[in-house]
Amino acid sequence: MERGTGVFSEKKREIPIVLKLNKIVMKKYIISALLIILLFPATAIYAQNFKFAHVSDTHIGSGTAEEDLNRTVSDINSQEDLDFVIVTGDITEMGTDEELALAKKTLENLDIPYYVVPGNHDTGWSESGGVSFIREFGYDKFSFEHEGYKFIGCASGPYVRMSDGHIPRDAIVWLDEVLKATPKDQPIIFVNHYPIDNSLDNWFEITERLKKYNTQFAICGHGHRNKAFDFEGIPGIMGRSSLRAKQETGGYNIIEVTEDTANVYERTPGVVTHTAWNSVELGNRKYKMDTDYERPSYKLNDSFPNVQKTWEYHSDANVISTPAVNSGKVIFGNSTGLVEALAEDTGKKIWSFETDGGIFSSPAIFKKDVIFGSGDGNIYSLDSESGKLNWETKTGASVLGSPIVEDGVIYIGGSDGIFRALKAKSGKEIWKFSGLKGPVVSKPLIYQDKVIFGAWDKHLYALNIKTGELEWKWTNGSANRMFSPAMVIPVAADGAIYIVAPDRYISAINAETGKTLWRSNEAKVRESLGISQDRETLYAKTMNDTLVAYKANGANSEITWKKDLKYGYDHVPSMLIEKSNELYFGGRNGVVFSVNPVNKKLNWKYKIDNSMVNTVNVIGDSKLIAATMDGKIVLLEW
């Protein structure tokens with residue numbers, strides 16, 4: 001069995017039954033097999049009856065989730081005719097190490113093999129950047145064969161940052177290898193957390209591949225309900241959550257595969273298997289490849305011929321950070337732990353360095369060194385010229401936060417509950433603050449002898465830059481951890497700190513005391529924030545179409561202007577950067593924007609991808625580096 005990047009324990013391994021046949025029986029068996037091959041088409045050989053359970057959206061860590069999943073596991077163990085279990089993601093509520101361990105412990109009580117893929121709740125707030133999921137289960141994607149069918153399960157994002165659903169770039173690369181080794185006529189059942197429609201920003205990369213093969217149907221979760229889909233001709237089955245919601249108990253589905261039909265039954269644990277709510281006809285699929293289905297359009301680029309994409313590089317995994325530029329090199333890490341350096345003028349790879357965990361940390365430059373954190377729990381310093389290791393400092397957990405360097409000191413937060421100050425030359429610790437109750441995933445701000453940052457524990461912190469002692473901590477008052485001020489990079493002016501959190505407020509905080517000066521949700525902004533070079537204006541994106549400017553005035557919330565840019569719904573934390581009196585930012589669907597904040601007019605917009613654009617790095621008056629969730633790095637010039 002091929003299981004992505006890991007293997008199952010012996011307990012889960014399927015043991016074949018070996019039949020001892022005498023020569024006469026063996027000869028009859030061979031003749032019968034040859035007759036079957038001659039009389040029936042190839043796909044009929046694969047058609048064997050079997051049943052498996054489909055469990056989804058268990059959300060361990062929330063409400064009655066643990067009890068509901070235990071009841072489901074016990075009920076599956078009571079069924080005598082189930083061969084295995086497919087679990088389609090969101091097994092946890094927040095993707096914490098504790099929740100993942102509990103989910104794994106519960107699923108290990110199954111008496112039959114199980115196969116699991118992550119969902120957005122397992123990865124979007126993950127304190128390890130997905131490392132813990134892989135450590136617990138041994139993989140985040142799988143491929144195995146059963147009764148002639150090939151089951152292929154893919155990972156789903158977003159990873160660490162808020163964005164649309166996304167099949168990771170490394171999973172696409174892996175899928176190509178799996179399909180390459182799959183006979184064209186072998187029936188395939190595809191497994192994913194999301195439906196393979198435009199709830200994924202790269203759904204077409206999946207459907208276009210699967211339609212070239214004998215894909216019978218696709219299984220998903222995410223929607224918490226039973227629903228039949230059509231994914232560009234591929235039948236789709238969305239399964240209910242195992243959570244009870246407003247019912248007395250939760251539930252799951254049983255999928256029965258016969259020679260010509262797959263029947264889907266909802267099962268109420270300990271009570272009843274209901275009448276089939278969906279049936280999918282099976283057979284030899286021949287999908288039409290020339291049908292006019294929805295696809296991303298890049299026509300808007302024709303309207304701005306003054307903007308040119310000088311080069312593009314596509315990494316083999318997601319890039320969820322801002323590349324650094326130093327000595328003519330563009331340096332960034334990807335979600336499989338690889339750091340790459342490209343030539344700034346050509347985009348050609350110069351060197352690479354491999355870590356053992358995903359990199360979500362935007363690298364910082366100190367002289368000729370590049371510094372970043374990794375999901376493997378280390379903070380690294382590399383020589384930016386050669387990519388050779390200068391030093392590495394081990395921490396107690398993944399380091400997803402981005403560093404900032406000032407006066408030879410690195411300031412960076414991790415997932416071990418600690419924020420650190422290190423010597424940039426050696427990586428030796430100067431001080432540490434151990435009071436965090438959640439991971440740090442963003443970049444700190446240095447202002448008025450304080451280092452200021454947010455964490456996924458509902459708080460914004462201000463530490464003394466010399467000693468690391470707590471000066472103050474601030475909260476927006478929400479009991480929901482998902483509204484923590486963790487993702488935004490704070491900005492400051494005239495004695496006030498400004499942040500935008502997922503609660504859709506912009507907040508002004510007294511830099512000296514940590515007291516709230518004002519909070520406003522008039523414009524419904526979320527996580528994206530910037531400040532003008534003269535420190536007089538704040539810029540933020542609303543979640544629908546509008547760029548808004550506030551006066552950087554700690555006394556009150558004053559909106560100075562708004563501009564409808566018609567970018568649609570947008571919730572990604574791409575910060576707004578002003579340089580040379582022009583404003584730049586990235587959007588949800590791969591578009592980079594340039595706006596003149598003086599006349600409030602759009603200079604240009606340029607689409608480089610269909611996935612989230614990270615905060616851009618403006619490296620001159622007329623060029624910038626942009627990176628996308630899907631791992632594309634581009635140099636734009638205008």
Subject >> Leu382 CG to Lys388 NZ distance, which is reported to the nearest 0.5 Å >> reply: 12.0 Å
Original post:
So which heavy atom on Pro597 is nearest to which on Glu578, and how close?
Top reply: CG-OE1, 3.7 Å
**OP:** First locate atom CD1 of Ile608, then atom CG of Asn589, and finally report the distance between them rounded to the nearest 0.5 Å.
**Re:** 12.0 Å
Subject >> Lys466, NZ atom: more than 12 neighbouring heavy atoms under 6.0 Å >> reply: no
Original post:
Looking at Leu300 and Lys605, what are the two nearest heavy atoms and their distance?
Top reply: CD1-O, 3.3 Å
Original post:
More than 12 heavy atoms of other residues, nucleotides or ligands under 6.0 Å from CG of Asp494: is that the case?
Top reply: no
Subject >> Plane angle bin for Trp431 and Tyr411 - parallel if under 30°, tilted between 30 and 60°, otherwise perpendicular >> reply: tilted
Original post:
So, do Leu576 and Ser528 sit near enough that their side-chain heavy atoms are less than 4.5 Å apart?
Top reply: yes
Original post:
Are Phe433 and Phe419 close enough, and set up right, to give a ring pair (Phe, Tyr, Trp, His ring centres under 6.0 Å), and what steps lead you there?
Top reply: CA-CA 5 Å; Phe433 175 77; Phe419 191 94; 8.2 Å; no
Original post:
What's the shortest heavy-atom distance between Ser442 and Ala486, and which atoms?
Top reply: CB-O, 3.2 Å
Below 3.5 Å, can you tabulate the donor-acceptor pairs from side chains in residues 623-635 to any protein atom, sequence neighbours excluded?
{"unit_1": "Lys623", "atom_1": "NZ", "unit_2": "Glu344", "atom_2": "OE2", "d": "3.2"}
{"unit_1": "Thr628", "atom_1": "OG1", "unit_2": "Asp609", "atom_2": "OD2", "d": "2.7"}
{"unit_1": "Thr628", "atom_1": "OG1", "unit_2": "Asp630", "atom_2": "N", "d": "3.4"}
{"unit_1": "Thr628", "atom_1": "OG1", "unit_2": "Lys632", "atom_2": "N", "d": "3.3"}
{"unit_1": "Asp630", "atom_1": "OD1", "unit_2": "His166", "atom_2": "NE2", "d": "3.0"}
{"unit_1": "Asp630", "atom_1": "OD2", "unit_2": "His314", "atom_2": "NE2", "d": "3.1"}

**OP:** Return yes if a side-chain donor-acceptor contact under 3.5 Å exists between Asn334 and Ser315, otherwise no.
**Re:** yes
Original post:
Would you call Ile499 and Tyr505 a side-chain contact if the rule is heavy atoms closer than 4.5 Å?
Top reply: no
Subject >> Residues Asp201, Arg588: salt bridge by 4.0 Å N-O rule >> reply: no
**OP:** Report yes or no: do Trp474 and Thr516 form a side-chain donor-acceptor pair below 3.5 Å?
**Re:** yes
**OP:** Kindly give the heavy-atom pair with the smallest separation between Phe483 and Asp503, and that separation in Å.
**Re:** CD2-N, 4.0 Å
Subject >> Neighbour count above 12 (heavy atom, 6.0 Å) for Asp449 CG >> reply: no
Original post:
Do the side chain of Ser398 and the main chain of Ser415 share a donor and acceptor less than 3.5 angstrom apart?
Top reply: no
**OP:** Classify the ring geometry between Tyr584 and Trp604 as parallel (under 30°), tilted (30 to 60°) or perpendicular (over 60°).
**Re:** tilted
Subject >> Nearest non-hydrogen partners of Glu127 and Pro439, listed with the distance >> reply: CB-CG, 3.7 Å
**OP:** Kindly determine whether Arg209 and Asp176 satisfy salt bridge (charged side-chain N to carboxylate O under 4.0 Å, His left out), including the steps that lead there.
**Re:** CA-CA 8 Å; Arg209 284 165 168 80; Asp176 284 338; 2.6 Å; yes
Subject >> Pairwise side-chain contact, Ser484 with Asp457, heavy-atom cut-off 4.5 Å (strictly under) >> reply: no
Original post:
Run the side-chain contact (heavy atoms from CB on, under 4.5 Å) check on Leu460 and Ile509 step by step: do they pass?
Top reply: CA-CA 10 Å; Leu460 184 78; Ile509 303 156; 3.6 Å; yes
Original post:
So, are Glu385 and Lys368 salt-bridged, with charged N and O less than 4.0 Å apart?
Top reply: no
Original post:
Do any N or O atoms from the side chain of Asp570 and from the backbone of Gly587 form a donor-acceptor pair under 3.5 angstrom?
Top reply: no
Original post:
Looking only at atom types and distance, does a side-chain atom of Arg526 sit under 3.5 Å from a main-chain N or O of Val500, one as donor and one as acceptor?
Top reply: no
**OP:** Heavy atoms only: give me the nearest Trp174-Cys154 pair and the separation to one decimal.
**Re:** CZ3-SG, 4.1 Å
Original post:
Does any non-hydrogen side-chain atom of Lys428 lie less than 4.5 Å from one of Trp391?
Top reply: no
Original post:
Do any N or O atoms from the side chain of Thr537 and from the backbone of Ser532 form a donor-acceptor pair under 3.5 angstrom?
Top reply: no
**OP:** Would you please say whether a donor-acceptor pair under 3.5 Å links the side chains of Asp122 and Thr92?
**Re:** yes
Original post:
Parallel under 30°, tilted from 30 to 60°, perpendicular over 60°: which one fits the rings of Tyr380 and Phe372?
Top reply: parallel
Original post:
Got Leu400 and Trp456 here, is their nearest side-chain heavy-atom distance under 4.5 Å?
Top reply: no
Subject >> More than 12 heavy atoms of other groups within 6.0 Å of Asp407 CG >> reply: no
Original post:
Once you round to the nearest 0.5 Å, how far does OH of Tyr298 lie from NZ of Lys309?
Top reply: 7.5 Å
**OP:** Verify, without hydrogens or angle tests, whether Thr123 (side chain) and Pro158 (backbone) share a donor-acceptor contact under 3.5 angstrom.
**Re:** yes
Original post:
Angle class for the Phe137/Phe133 ring planes (parallel below 30°, perpendicular above 60°, tilted otherwise)?
Top reply: tilted
Original post:
Taking everything shown except Gln448 itself, do over 12 heavy atoms lie less than 6.0 Å from its CD?
Top reply: yes
Original post:
Can you tell if the side chain of Arg481 reaches within under 4.5 Å of the side chain of Trp125, non-hydrogen atoms only?
Top reply: no
Original post:
Rounded to the nearest 0.5 Å, how far does CZ of Phe304 lie from OH of Tyr606?
Top reply: 12.0 Å
Subject >> Within 6.0 Å of NZ in Lys423, more than 12 heavy atoms from elsewhere >> reply: no
Original post:
Does Ser402 reach the main-chain N or O of Lys443 with its side chain, forming a donor-acceptor pair under 3.5 Å?
Top reply: no
**OP:** Determine whether the side chains of Ser335 and Asn318 contain a donor N or O and an acceptor N or O closer than 3.5 Å.
**Re:** no
Original post:
Checking Thr355 side chain against Gly337 main chain: does a donor-acceptor pair fall under 3.5 Å?
Top reply: yes
**OP:** Taking atom types as modelled, find out whether Thr310 and Glu637 have a side-chain donor-acceptor pair closer than 3.5 angstrom.
**Re:** yes
**OP:** Check whether any side-chain N or O of Asn476 sits under 3.5 Å from a backbone N or O of Ala501 as a donor-acceptor pair, and report yes or no.
**Re:** no
**OP:** For residues Lys601 and Val598, determine if any side-chain heavy atom of one lies less than 4.5 Å from a side-chain heavy atom of the other.
**Re:** no
Original post:
In Å and rounded to the nearest 0.5 Å, what is the CG to CG distance from Leu175 to Asp170?
Top reply: 11.0 Å
Subject >> Nearest-0.5 Å distance, CG of residue Leu436 to CZ of residue Phe453 >> reply: 5.0 Å
Subject >> Donor-acceptor side-chain pairing of Glu471 and Asn464 below 3.5 angstrom >> reply: yes
Subject >> Crowding at NZ, Lys515 (>12 non-hydrogen neighbours, <6.0 Å) >> reply: no
Original post:
Hey, mind stepping through Ile167 and Ser156 against side-chain contact (heavy atoms from CB on, under 4.5 Å) and telling me if it holds?
Top reply: CA-CA 5 Å; Ile167 301 293; Ser156 287; 3.9 Å; yes
**OP:** For Asp97, check side-chain hydrogen bond (donor to acceptor under 3.5 Å, both in side chains) against everything at least two apart and list the hits.
**Re:** Ser132
Original post:
More than 12 non-hydrogen atoms from neighbouring residues, nucleotides or ligands closer than 6.0 Å to CG on Asp621, yes or no?
Top reply: no
Subject >> Any donor-acceptor pair under 3.5 Å from Ser594 side chain to Asn603 backbone >> reply: no
Original post:
Under 3.5 Å, is there a donor-acceptor pair between the side chain of Asn202 and the main chain of Glu205?
Top reply: no
Original post:
With a 4.5 Å heavy-atom cut-off, do Leu529 and Ile506 have their side chains touching?
Top reply: yes
